[in-house]
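FYI, side chains are in, hydrogens and waters are out, and symmetry mates aren't considered; it's all heavy atoms of this structure. One-based numbering along the sequence shown. All figures in this text were calculated on a predicted structure; none of them were measured in a lab.
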Amino acid sequence: MGGERHEPPPDEFEAELDQIAELNRLETPPPAPQDGRGSRQAGEGVPPGEAVRRRDALLLSAGHTVAESDSLDEALRLVAGLYAPDFPMDAQYVFATGDGSLTALAQYGFRPGGVIDEGFRMPLTTGYPAAEVARTGRSVFLASTQEYRAAFPATWHMSARKGLNAWAFLPLVTAGRVVGVWLAAFRSPVAFTKSERALLSVTGRMIAQVHERARAGRAELALSRGLRQSMRAAGPALTGLSVATRYVPTGGGLMVGGDWYDSIDLPNGRLALVIGDVQGHDVHAAGLMAQLRTAVHAYAAEGHGPDAVLARASRFLTTLDEDRFATCLYIEADPSTGNLHIARAGHPHPVLRMPDGTCLLKHISGGLPLGLMPGEEDYPVDILRLHDDEVLMLCTDGLIENGGHDMYSGWVRVRDAFSPGPVEDLEGMADRLMSAVLSPEPGAREGVARDGDDIALLLLRRDSVKPRAEVDQRRLVLTIGQDQGEGLAEARAELKALLHDWARPDQVDTAVLLATELLGNVLVHTDQDGSLTAHVTGETGRRRLLVEVMDRGDELPHQRTPVELASSGRGLLLLDILADQWGVRPEPEGKTAWFALTEASPGEAGPGAAV
């Protein structure tokens, strides 16, 4: 599905050119007298009136070609060929207006490296004809060097010393706003009669259409570049999991379409992997993809499960565009066990590669694509265990069907490229898959999907984790009731005992302070009991403490900026300052606030240091 093309309305220019032809009839001088050889002294034997009519007929036949040009450079070249020898257009320039200045966009007929070149920039307050046109929206016609010098004494030399003798500066108007200025220059003096001014005005409107289309194209290109840059790397995976990603854009001109992937570190120490495809390949699909990707990331960071993330994303997409849908596959991976909780919304099934190279299409239960039927969001969650050296491949349908393949023949091609090679070379696997699918045909541009469909690829490998020396695992679980105020002191004492050999005593004090704040918030601001769970994992000297405090209250806490004498409101502020990581996630019943600290050596200072 391509972007909109701004076509000129039917007969938009024909009616104006008919009026110009009538003006020419009224303004045409009588035929020039013949010399003794029977030839005419003007127009190489063509009467002036006939030459003018030929010029208008040429513009009428070529006008739409100019307006539909793909670039300003092409439009200026075509315009230069529309004018007859008695009205030669020798040089042209297009300026853009914006940020209070004129900038150079395109030129024809001027020598490169002149006063007006690619780096040209001029304030709109300058006494230059193009600046005046940009300010006022009114055309400026200068029929001679003397007229130019008298009207613009400060800047006339910029053009008058280039062998030019007449100039026309016309505004380029889009939606009632001046977006640029077109300069047409002539080496011969031009009277700029009423018909000639009208002819230039019609040509200026054609160039304005090309300028607007080029401006929209530049905006779309900037958007797609930014979106692709954000997907260039999936981010580092957690210990025990490795991730490789690839993205290849549509062949329709944009650098990104509706496909995306994401890798998200979750609050519970797990990893979320997402791949999706918004319907369409135009800039609107790219914009929807960016918003949907952000929404999925936010729902995942809040701690929702795979089914809840997809249900919320489906409702979100409906609010953005009721006519578009998206497929998506969401995985929550536990690095410690290899368990994958998978939910699927109309997306292609994943492929499992075993250590010996055997590839299986793993059929995952699924629901409807996102945004397809509001209120029908039911996404069952399947659990798949990824064993050591197994690789799971997630992709969009472009990988399977590119090059004219159907789902079966495309699957065979992908399987044959996915099976060989050492499992340790995950990036090599991704390269082989891309090479098998994108082998360029003669004359095709390498690295672009040939059939106009994007390709997104994500590989997930379960790594063999060798036993590590001195791995310490401790756990503390306790509950404090609303009527057990003394439980806070007991919780502090037990947490200190849990961290008795921590390298930095000030980090122990920080952990006790933050845990007390979280438990105190539960007891003060809710009518629920508070449950605390603390985990210590990792190697001695670089251990990680994770503290979670859960209650059954529905209201999520909000970070505030307390005044100096305020008695509350500092809990989340302290978490933000002192914890290495922290967050709040909703639960099926209630919420969990958590923070994490990484053990530091006595000489190190970091966020976990008490202040």
Side-chain angles (χ1 to χ4, degrees), residues 264-269 294 297-304 476-482 484-496 498-499 502-537 543-587 589-602 604-611:
I264 309 164
D265 290 333
L266 298 178
N268 55 10
T294 301
H297 199 124
Y299 297 140
E302 287 180 351
H304 297 291
L476 169 65
V477 179
L478 55 86
T479 300
I480 301 177
Q482 279 286 324
Q484 297 175 332
E486 70 280 1
L488 280 176
E490 297 171 357
R492 287 194 291 266
E494 292 189 31
L495 186 56
K496 280 187 176 182
L498 189 75
L499 304 176
W502 207 257
R504 288 263 304 271
D506 61 314
Q507 282 191 312
V508 176
D509 295 337
T510 296
V512 171
L513 172 63
L514 297 180
T516 302
E517 284 288 340
L518 294 182
L519 286 171
N521 284 341
V522 174
L523 299 181
V524 172
H525 299 294
T526 75
D527 58 357
Q528 306 292 326
D529 296 342
S531 298
L532 179 144
T533 304
H535 302 267
V536 177
T537 57
R543 289 171 290 188
R544 183 173 187 265
L545 169 68
L546 174 65
V547 176
E548 299 176 306
V549 174
M550 186 261 186
D551 68 83
R552 297 183 181 275
D554 294 328
E555 184 178 355
L556 293 175
H558 301 284
Q559 187 168 339
R560 295 178 290 170
T561 304
V563 297
E564 183 177 356
L565 299 179
S567 60
S568 63
R570 292 188 173 84
L572 297 186
L573 188 62
L574 288 173
L575 283 173
D576 200 38
I577 296 173
L578 300 178
D580 293 331
Q581 294 176 296
W582 71 276
V584 179
R585 65 174 182 268
E587 304 287 359
E589 294 185 15
K591 60 183 177 294
T592 296
W594 61 274
F595 70 86
L597 292 173
T598 300
E599 186 178 20
S601 63
E604 294 182 43
V611 295

- Considering all heavy atoms of both residues, which atom of A511 and which atom of L499 are nearest to each other, and what is their separation? CB-CD1, 4.0 Å
- Does some side-chain heavy atom of W502 sit less than 4.5 Å from a side-chain heavy atom of L545? yes
- Determine the minimum heavy-atom distance between A579 and F595, stating which atoms define it. CB-CB, 3.9 Å
- Message: With heavy-atom distances below 4.5 Å as the criterion, would you say the side chains of L518 and L532 are in contact?
- Response: no
- Task: Give, for atom CZ of R492 and atom CG of L513, the distance between the pair rounded to the nearest 0.5 Å.
- Result: 10.0 Å
- Task: Return the set of residues passing side chain to side chain contact (heavy atoms under 4.5 Å, CB included) with T533 (not counting sequence neighbours), or none when no residue passes.
- Result: R475, V477, H535
- Query: Say you draw a straight line from CG of L578 to OG1 of T510; how long is it, rounded to the nearest 0.5 Å?
  - Reply: 5.5 Å
- Query: Does any non-hydrogen side-chain atom of L488 lie less than 4.5 Å from one of L523?
  - Reply: yes
- Query: How many angstroms lie between atom CG of L575 and atom CG of D580, to the nearest 0.5 angstrom?
  - Reply: 11.5 Å
- Shortest non-hydrogen separation from A300 to L266 and the atoms involved: O-CD2, 3.5 Å
- Task: Side-chain contact test, heavy atoms from C-beta onward, threshold under 4.5 Å: evaluate it for L514 versus V547 and give yes or no.
- Result: no
- Message: Taking Q528's backbone N and O only, do any of them form a donor-acceptor pair with D551's side chain (distance below 3.5 Å, no angle check)?
- Response: no
- For Q507, does its backbone N or O pair with a side-chain atom of E599 as donor and acceptor, under 3.5 Å? no
- Contact summary for A600 and A503, nearest pair of heavy atoms: O-CB, 3.4 Å
- Query: Who pairs with A491 by side chain to side chain contact (heavy atoms under 4.5 Å, CB included), at least two apart in sequence or on another chain?
  - Reply: L478, I480, L519
- Query: Would you call K496 and V512 a side-chain contact if the rule is heavy atoms closer than 4.5 Å?
  - Reply: yes
- Sorted by chain and number, sequence neighbours left out, side chain to side chain contact (heavy atoms under 4.5 Å, CB included) with Q581 holds for R544, W594, A596
- Message: Could you measure the distance from the CZ atom of R504 to the CG atom of D509? Nearest 0.5 Å is fine.
- Response: 10.5 Å
